[in-house]
Number of protein chains: 2
Amino acid sequence: MSDRDHASEAEATELAERLAGSGLRMTSQREHVFHVLRAQTDHPTADEVYMRSKAERSDISMATVYNTLDALVKCGLVKQVNVDRAATRYCCNMQDHCHFYCEECGGVHDIELSGGIRDFPIRMPRDLSARQMDISIRGACRDPKGCARKTLKEGVKAQKDSLENE
Amino acid sequence: MSDRDHASEAEATELAERLAGSGLRMTSQREHVFHVLRAQTDHPTADEVYMRSKAERSDISMATVYNTLDALVKCGLVKQVNVDRAATRYCCNMQDHCHFYCEECGGVHDIELSGGIRDFPIRMPRDLSARQMDISIRGACRDPKGCARKTLKEGVKAQKDSLENE
DNA sequence: TTCTTAATTAGAATCATTCTAATTATTGAC
DNA sequence: GTCAATAATTAGAATGATTCTAATTAAGAA
Ligand SMILES: [Mn+2]
Ligand SMILES: [Mn+2]
Ligand SMILES: [Zn+2]
Ligand SMILES: [Zn+2]
């Protein structure tokens with residue numbers, strides 16, 4: 001049994017436990033979608049998750065991808081990330097972090113937070129009680145190789161076409 | 001001439017100048033939409049701006065409201081505020097601030113920032129250059145009177161109906 | 001004016017997401 | 001294992017915010 005199998009097994013076990021904790025069942029589709037998410041640290045949209053999932057399991061449906069992503073969010077294994085009004089992205093890094101959006105390539109990167117998110121210099125009015133804080137940063141990633149994603153629209157479309165014509 | 005007229009006049013002048021600065025023309029629709037936005041400190045959606053605008057100018061169209069809000073954003077008089085995937089809201093407070101979203105009533109409130117947004121304790125990776133940071137807080141506003149907006153969906157719908165049946 | 005260009009408008013189109021209703025899979029009791 | 005009960009999957013329809021289109025109207029320059 002390879003390291004990879006070990007990793008997948010541990011992943012599946014964690015998934016099954018978390019799902020059970022929320023009264024949800026483990027299924028092969030859910031395992032596969034979760035694995036697809038964990039395979040890359042980018043923050044794919046539902047559509048991208050669908051395409052990647054379909055590459056190995058050609059029978060999976062978009063509806064199931066949406067349902068599964070929902071289930072993963074409900075049981076605390078995945079977070080939704082929204083950038084403007086674009087399609088929701090999914091993040092499976094459950095550490096406390098914030099997001100960087102590259103306006104050049106459209107990529108989203110995780111940024112670790114130094115201190116706890118609590119001790120940020122914000123004075124909360126007395127009549128408002130905070131439950132959660134979200135920080136997002138936008139800018140450009142000046143990676144010499146060019147960024148993770150190509151120039152947003154064209155790049156995403158090209159990627160989609162190439163997967164469809166397989 | 002009343003104080004109110006003075007205020008409106010100054011508002012219109014600022015608007016005209018800002019529009020001109022972006023190569024855009026001043027129109028009565030734009031003046032009216034801008035005035036509607038400045039009349040309340042809440043963060044209305046395009047649809048809400050449309051309803052409020054139509055209350056006084058029944059001939060204005062939704063398309064114009066969208067176009068105008070766009071123009072106002074382009075010339076730096078208004079900012080867009082996104083909460084999850086819900087309809088975009090519009091904010092005409094141009095000071096540096098962040099947003100509080102009440103999960104109970106759906107209202108959005110401004111929160112002043114103590115220090116400059118620059119000295120927040122975040123270590124940026126070398127290959128990422130930040131241009132802008134957004135902070136949003138979610139929680140509940142425990143106002144004894146109840147919050148600005150009623151319980152989200154029902155409240156918004158009721159408000160819409162009441163305006164339509166005038 | 002009159003010409004040119006921009007703004008407004010109604011309605012169609014788009015696109016991510018949610019919903020519906022039918023089918024299939026999983027679970028637990030027997 | 002059999003069999004109901006319940007949950008998950010699925011295709012496709014519906015939704016809703018926004019954008020686009022193409023026609024009309026208004027504004028500014030000459
Ligand atoms: Mn992330
Ligand atoms: Mn604001
Ligand atoms: Zn980039
Ligand atoms: Zn509230």
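All values below come from the heavy atoms of this structure, side chains included, with hydrogens, waters and symmetry mates left out.
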Is any side-chain N or O of [X] closer than 4.0 Å to OP1 or OP2 of [N]?
X: B:T64; N: C:dT8; answer: no
X: B:T27; N: C:dT8; answer: yes
X: B:Q29; N: D:dA26; answer: no
X: B:R85; N: D:dA17; answer: no
X: A:T88; N: C:dT17; answer: yes

In whole angstrom, what separates [X]'s [atom1] from [N]'s [atom2]?
X: B:Y66; N: D:dT19; atom1: OH; atom2: P; answer: 7 Å
X: A:D84; N: C:dA16; atom1: CG; atom2: P; answer: 15 Å
X: B:E31; N: C:dA7; atom1: CD; atom2: P; answer: 16 Å
X: A:R89; N: C:dC15; atom1: CZ; atom2: P; answer: 17 Å
X: A:L69; N: D:dT10; atom1: CG; atom2: P; answer: 13 Å
X: A:E48; N: C:dC15; atom1: CD; atom2: P; answer: 15 Å
X: A:N67; N: C:dT26; atom1: CG; atom2: P; answer: 16 Å
X: B:R25; N: C:dT8; atom1: CZ; atom2: P; answer: 10 Å

Practice task
With heavy atoms under 4.0 Å as the rule, sort B:A63 into base, sugar-phosphate or nothing.
Solution key: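 Counting heavy atoms under 4.0 Å across all strands, the contact made by B:A63 includes a base.
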Exercise for the section: Indicate, with a heavy-atom threshold strictly under 4.0 Å, whether A:D59 touches base, sugar-phosphate, or nothing. Expected result: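 Sugar-phosphate, no base atom in range.
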Test item: [X] side-chain N/O and [Y] main-chain N/O as donor-acceptor pair under 3.5 Å:
X: A:R138; Y: A:C102; result: no
X: B:E14; Y: B:E11; result: no
X: B:D84; Y: B:A86; result: no

Practice task
Report yes if the side chains of B:M26 and B:E31 come closer than 4.5 Å at any heavy-atom pair, otherwise no.
Solution key: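 Yes - at least one pair of side-chain heavy atoms lies under 4.5 Å apart.
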Handout entry: Most 5' of A:A86 and B:M62 on DNA chain C, judged by nearest nucleotide
Key =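 Result of the comparison: B:M62.
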Handout entry: Salt-bridge contact B:R52-B:D42 (side-chain N to carboxylate O under 4.0 Å)
Key =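 So B:R52 pairs with B:D42 through a salt bridge.
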Practice task
Report the residue (A:L24 or A:S61) whose heavy-atom-nearest nucleotide on DNA chain D is the more 5′ of the two.
Solution key: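 Nearest nucleotide further toward 5': that of A:L24.
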Problem - Closest listed nucleotide, where the reference is the side chain of B:R30 and the choices are C:dT8, C:dT5, D:dA17 - result: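 Looking only at heavy atoms from C-beta outward on B:R30, the closest nucleotide is C:dT8.
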